[in-house]
Amino acid sequence: TKSVAEQLHIMHELSLKIQEKNRRAGSLDFEIPEVQFVFDENGMAVDFKGRERNDAHRLIEDFMVLANQTVAKEFCDKEIPFVYRVHDKPRKEKTLAVIDYLKGLNVKTPKVPENITPQFYQNLIALTEGQTYSQTVNKVILRSMQKAKYLNQCLGHFGLALEYYCHFTSPIRRYPDLTIHRIIKEVIHNRGKLSGQRKMELEQLTLEASEQSSLTEKNADKAEREVDDLWKAYLMKDKV
């Protein structure tokens, strides 16, 4: 309908403003396309390509990240036990290894600062923008970074350049989101008040949920990589 179309146009304008704001803050966008397999009617892979990422995908991403950020800040400010999505800054030796790699490509590199910021990594990504090897370089830069994890402490997200962040938007498919939805509902039903005893119980729950979710995410990522590798090998079997 017309009203939906109007809202989408406004959302698109806001999405572009969010992207600009995020860029200024140092948010990292690696532009590495995900692999997408093409299957025949028998469920066998016949081809693969880069998964499309257009303005509609970005719009959804921008508003999801904003929702996640807003919820994380609310509960961090209220000091209510919660599950956060945390991404530590890269270790200095990993960043120095990236600099060496770039030097090997004859890329003029900046000096590594004492405090490594998202803006510094943003500048590293920009060094090879538009080059034929930029995607490969972006993968090397991405692998130099720490793995994001779930914690019941609000320690911020380096890659998104955010002080507050959690996973809130997918409770039907992610356990951390479901955990915090339950906490949010409980807080709403209790008009924002929780007893000291209940806060202690939630502290234990969020600690266990964070550890469990980080562990199962690792296993899921490993399984996904192995399935991708299997189909890639299958598609190359007549190219040996």
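Only a predicted model underlies this, so the values are computations on that prediction, with no experimental measurement involved.
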Please say which of Val107, Thr136, Ile141 ends up in a side-chain contact (heavy atoms from CB on, under 4.5 Å) with Tyr101.
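Going through the options one by one, the only one that passes is Thr136.
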Give me the ring orientation class for His87 and His157: parallel if the planes are under 30° apart, tilted from 30 to 60°, perpendicular past 60°.
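Because their plane-to-plane angle lies in the 30° to 60° range, the rings of His87 and His157 count as tilted.
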Do the rings of Trp231 and Phe37 sit parallel, tilted or perpendicular, given the 30° and 60° boundaries?
tilted
Testing Lys147, Lys149, Arg174 one by one against Glu217 for a salt bridge (Lys or Arg N to Asp or Glu O under 4.0 Å), which residue passes?
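Option passing the salt bridge (Lys or Arg N to Asp or Glu O under 4.0 Å) with Glu217: Lys147.
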Are His167 and Tyr84 an aromatic pair by the rule of ring centers under 6.0 Å?
no
Once you round to the nearest 0.5 Å, how far does [atom1] of [X] lie from [atom2] of [Y]?
X	Y	atom1	atom2	value
Arg24	Glu20	CZ	CD	5.0 Å
Leu207	Gln153	CG	CD	9.0 Å
Leu127	Ser134	CG	OG	11.5 Å
Arg85	Ile180	CZ	CD1	12.0 Å

According to salt bridge (Lys or Arg N to Asp or Glu O under 4.0 Å), does anything in [range] pair up with another residue at least two apart or in another chain? List the pairs.
range	value
residues 62-77	Lys73-Asp77, Glu74-Lys78
residues 103-131	Lys92-Glu114
residues 179-197	Glu186-Arg198

Note: [X]-[Y] ion pair, threshold 4.0 Å (strictly below):
X	Y	value
Glu31	Arg58	yes
Glu203	Lys199	no
Arg53	Glu61	yes

Salt bridge (Lys or Arg N to Asp or Glu O under 4.0 Å) for Arg23 and Asp29? Distances and angles first, verdict last.
CA-CA 9 Å; Arg23 262 194 296 276; Asp29 191 350; over 6 Å; no
For [X] and [Y], does a side-chain donor sit closer than 3.5 Å to a side-chain acceptor?
X	Y	answer
Gln19	Ser15	yes
Thr70	Tyr164	no
Glu208	Gln212	no

Testing the basics here: between [X] and [Y], what is the closest heavy-atom pair and its distance to 0.1 Å?
X	Y	result
Cys76	Cys154	SG-CB, 3.4 Å
Pro176	Val83	CB-CG1, 4.0 Å
Ala67	Thr169	CB-CG2, 4.1 Å

Looking only at atom types and distance, does a side-chain atom of Asn54 sit under 3.5 Å from a main-chain N or O of His57, one as donor and one as acceptor?
yes
Main chain of Arg173, side chain of Ser170: is a donor-acceptor contact present, judged purely on distance under 3.5 Å?
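No, the answer is negative, given that no donor and acceptor are paired below the 3.5 Å cut-off.
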If you draw a 6.0 Å radius around CE in Met200, do more than 12 non-hydrogen atoms from other residues or ligands fall strictly inside?
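No.
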